[in-house]
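Just so you know, residue 1 is the first one in the sequence shown, and it goes up from there.
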Amino acid sequence: MGLHQTGHTGTATDWQDVIDLAGAETLAAYTDGELKGGPAVTRHRFGTGTATYLGTSPDRETLRRLVLDCVTGAGVTPALDTPAGVEAVRRRAADGTAHLFLLNHTPDEVTVVAGTGTGTGTPVDLLAGDAPAPVGGHLCLPPFGAAVLRDAPAQPTPREEANGGRG
């Protein structure tokens, strides 16, 4: 089955739901089959919330685009711009100290641009052996490697304070 999303054509498999929009907007439509032209993925805004419904099983790239659209619309931003296959998660303690966890899920060595962090000093790699080492602008992660960067304390945002130091 084909699936069309603005600027992208993908595929869908397994099933096709018949969707009554009932106030929702179409994000992607079927391009063939019994439901050709009908909504395949919808978004419904209600109050301050938004729900996205997938009426089929889209291919990986289409799903990636849909999830990116959802998180962008919700105001979620990445902890760090990383190469494909590298996960970056930031956690902040109640005292404002931030830790950036970097996980390389690939069999290749990758270079991550670590920047200067979010606090007042140079990030320190806590997994660099006996003596944690300051990290400059670039950090090399070995295949399937990890790094934990500690940043200097920064003032927690009101949202982080409300969440017990978790951003």
Can you find a side-chain donor-acceptor pair between [X] and [Y] that sits under 3.5 Å?
X	Y	result
T106	D108	no
H4	T9	yes
H8	T62	yes

First locate atom [atom1] of [X], then atom [atom2] of [Y], and finally report the distance between them rounded to the nearest 0.5 Å.
X	Y	atom1	atom2	result
Y53	D17	OH	CG	3.5 Å
H44	T52	NE2	OG1	11.5 Å
E109	L141	CD	CG	8.5 Å

Requested in this report: Group every Ile, Leu, Val, Met, Phe, Trp and Tyr by side-chain heavy-atom contacts under 4.5 Å, then state whether L100 and L139 land in the same group.
Outcome: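 Both belong to a single hydrophobic cluster.
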Indicate yes or no: at least one non-hydrogen side-chain atom of [X] is less than 4.5 angstrom from one of [Y].
X	Y	answer
E87	H105	yes
Q5	L66	yes
L103	F144	no

Query raised in the report: Between L68, L54, V41, which is the residue that forms a side-chain contact (heavy atoms from CB on, under 4.5 Å) with L63?
Result: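 The side-chain contact (heavy atoms from CB on, under 4.5 Å) with L63 is passed solely by L54 among L68, L54, V41.
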Requested in this report: Among V18, T26, D20, find the residue that satisfies the side-chain contact (heavy atoms from CB on, under 4.5 Å) test when tested with P39.
Outcome: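 Passing option: T26.
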Query raised in the report: Where do T42 and L21 land on the side-chain contact (heavy atoms from CB on, under 4.5 Å) test, with the steps shown first?
Result: CA-CA 8 Å; T42 63; L21 291 174; 3.6 Å; yes
So which atom in [X] and which in [Y] form the shortest heavy-atom distance, rounded to 0.1 Å?
X	Y	result
W15	S57	CZ3-CB, 3.5 Å
F101	V148	CD2-CG2, 3.7 Å
A40	I19	O-CD1, 3.8 Å
E34	Q16	N-OE1, 4.2 Å
V110	P83	CB-CG, 4.5 Å
R92	A98	NH1-CB, 3.6 Å

Query raised in the report: What pairs of residues pass the salt bridge (Lys or Arg N to Asp or Glu O under 4.0 Å) test when at least one of them lies in residues 54-66, not counting sequence neighbours?
Result: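 Qualifying pairs, neighbours excluded: E61-R64, E61-R65.
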For residues 73-82, dump all side-chain donor-acceptor pairs below 3.5 Å to protein atoms at least two apart in sequence or in another chain.
{"residue": "T82", "atom": "OG1", "partner": "V86", "partner atom": "O", "Å": "2.8"}

